[in-house]
Enquirer: 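Questions regarding the structure given below will be posed in turn.
Letters A, B, ... mirror the listed sequences (proteins, then strands); counts begin at 1. Not measured: the values here are computed from a predicted model.
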Protein chains: 2
Amino acid sequence: MNADAIAKPHERLAAYLTEDMAAVSTLIRERMASKHAPRIPEVTAHLVEAGGKRLRPMLTLAAARMCGYAGPYHVHLAATVEFIHTATLLHDDVVDESEQRRGRPTANLLWDNQSSVLVGDYLFARSFQLMTEPGSMQVMQILSNAAATIAEGEVLQLTAARNLATDESVYLQVVRGKTAALFSAATQVGGVIADAPDTHVQALYDYGDALGIAFQIVDDLLDYQGDTGATGKNIGDDFRERKLTLPVIKAVAKADDEERAFWVRTIEKGRQEDGDLEHALSLLTKHDTLSATKVDALAWAEKAKNALAVLPDHDVKDMLGDIADYVVSRIN
Amino acid sequence: MNADAIAKPHERLAAYLTEDMAAVSTLIRERMASKHAPRIPEVTAHLVEAGGKRLRPMLTLAAARMCGYAGPYHVHLAATVEFIHTATLLHDDVVDESEQRRGRPTANLLWDNQSSVLVGDYLFARSFQLMTEPGSMQVMQILSNAAATIAEGEVLQLTAARNLATDESVYLQVVRGKTAALFSAATQVGGVIADAPDTHVQALYDYGDALGIAFQIVDDLLDYQGDTGATGKNIGDDFRERKLTLPVIKAVAKADDEERAFWVRTIEKGRQEDGDLEHALSLLTKHDTLSATKVDALAWAEKAKNALAVLPDHDVKDMLGDIADYVVSRIN
């Protein structure tokens, strides 16, 4: 596949879904309003209109269309997914004490932690209102389960992230929680609302799960080798926040005693000094863990594409495959 | 009514509902578990088992029983209500930077703000999983609307609480959001799950709404005249946190220029000095606003009792009436 073909397939998908995406935007604006508390739409708009790609709601719309859905409720489910995502971002930035998101100051910095916590709660509640509207028990179960899995993954990350005993299987559990659970719920509910056969719904789940994992691994990799302009994040944020991500977990597994002492001091104890980030990067290079992490990301993207095989031919199916390639193309 | 008869009617109701309340406890313990993140049940247990009266879930069980419900799902709804309440407390303590709750150190103090935010999110998600289980659309709408109203009330409080322009009608809106919305949803869903007639469901809503408002006014009053041992809170917390509650709103309305300057400095600008709390208390006494606030609380309790009139005779109905008296008896 040449570079042009994989260039921004999410933009091709967005073009294909123009009307649906416009309906989602309208619904989001409508539902983020508040009669009594103007602070709510202010904070939400700051994040929702910061030019995110809206990949998650697009996945719901795409799955529903690919499965032949002709009703109106995929729009509600897409908006639900975006609200859950936005609520999670607001709370994440409080938890991580972040100062930048999507290249702009975070809401907790512009307003305060209080607003971020409470507006996040409001958006969670709004998402639950929205998800009841199609009247599908299965949809509500999938989405409320996803919300629980996300929170569980975030709590697990709190306790696991600074513990050098965290291995790749715990990392995967955290990633499934904090990222993949919403991707897989997003694609799955698109199939469910369209009344697709179980094998197709399962394929959509598998695609979303693998895509979400690939997406998060790429994110963790870019934290050590990305460029700040493109990612809107600073190199080494995860290191400074003492987060054990895949490149470091792989380096810890290969560490000699002296290296291990370095990781214990910087990650577990958090006693970081000037030059530590540079030394960390040199250890990742020495053990070639950035390359090994990249191999994992590519394998998950491949798994995502393979999951689509069982689904009938459709333009959207091709675009979803291209999106899996695109997600990992950021690290090529 | 003599003092014995109104003494702890919630304990009589708890005795009447012993089996149901035991089922709620079992369900709560079951659903607050987490396979992967032990931090979740630790934090939740700290709060859930701190000896709260569990008034809200009891109201759901009571309403369902009073309306003749014989199925199992009132237990799920009661647990839902308690999870929403617990999640709200965890987030409130972060927002207010509280250090004490129910006479014990808060979770944000014992663990950290991160755990309180994320475990709160987990409990919100768990509450939504639970509320889907009875399969009633109306129930889901009532409870997800309540969750949105609560968050909206909290955000409104953030912006209104330090603004001297906040009058009694805005105060009431905040109180309806932060407290009464969950009381009224708790009683209402008990009637809905029992398939009670609309007039009865409306009466249950009105009872919960008025009881919640009475409850919050009492809480705000006790903040200025309670005893720390009984409330587990310190006198003047609301003043120190610069919260405009009813006793102060009434005093601001009657303030002369000098008094108004005092409120502007201490509440709006937050420049508090030694002796300010004492001066604030003297102004509340001067304008007799603690008594006026008490009159309001009693009127709401009366309104709660009157709402019950339309419901058929039942032991539980009498106990609910007594609970309305009991809530305001704390300020007698």
Enquirer: Check the surroundings of atom CD in A:Glu268: do more than 12 heavy atoms from other residues, nucleotides or ligands lie under 6.0 Å from it?
Expert: yes
Enquirer: I'd like to know which of A:Met140, A:Met137, A:His36, A:Arg39 tops the heavy-atom pair count under 4.5 Å against chain B.
Expert: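 Greatest number of close heavy-atom pairs with chain B: A:His36.
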Enquirer: Could you give the distance from OG (B:Ser144) to CZ (A:Phe124), rounded to the nearest 0.5 Å?
Expert: 14.5 Å
Enquirer: I need the minimum non-hydrogen distance between A:Ala37 and B:Leu156, along with the two atoms involved.
Expert: CB-N, 3.9 Å
Enquirer: Going by the side-chain contact (heavy atoms from CB on, under 4.5 Å) test, name the single residue among A:Asp121, A:Val155, A:Val117, A:Thr88 that passes it with B:Asp121.
Expert: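 Going through A:Asp121, A:Val155, A:Val117, A:Thr88 one by one, the side-chain contact (heavy atoms from CB on, under 4.5 Å) with B:Asp121 is satisfied by A:Asp121 alone.
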Enquirer: Do A:Glu152 and B:Ser34 meet the criterion of a side-chain donor-acceptor pair at a distance under 3.5 Å?
Expert: yes
Enquirer: Need one label for B:Thr159: side chain, backbone, both or neither, based on atoms under 4.5 Å from any heavy atom in chain A.
Expert: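 For B:Thr159, side-chain heavy atoms alone lie under 4.5 Å from chain A.
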Enquirer: Let me confirm one number: the OG1-OH distance from A:Thr149 to B:Tyr122, rounded to the nearest 0.5 Å.
Expert: 8.0 Å
Enquirer: Side chain, backbone, both or neither: which part of B:Asn113 has a non-hydrogen atom closer than 4.5 Å to chain A?
Expert: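 For B:Asn113, there is no contact with chain A at all, as no heavy atom is under 4.5 Å.
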Enquirer: Drop me the distance from A:Phe128's CZ to B:Gln129's CD, to the nearest 0.5 angstrom.
Expert: 8.0 Å
Enquirer: Counting only heavy atoms not in B:Gln138, do more than 12 sit closer than 6.0 Å to its CD atom?
Expert: no
Enquirer: For A:Gln173, is it the side chain, the backbone, both, or neither that has a heavy atom closer than 4.5 Å to a heavy atom of chain B?
Expert: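 Side chain of A:Gln173 only, per the 4.5 Å heavy-atom cut-off to chain B.
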Enquirer: Closest approach of A:Ala125 and B:Ala147, non-hydrogen atoms and distance?
Expert: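 Answer, listing the atom of A:Ala125 first, then B:Ala147: CB-C, 3.5 Å.
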Enquirer: Any donor and acceptor pair, going by atom type alone, linking the side chain of B:Glu154 with main-chain N or O of A:Leu118 inside 3.5 Å?
Expert: no
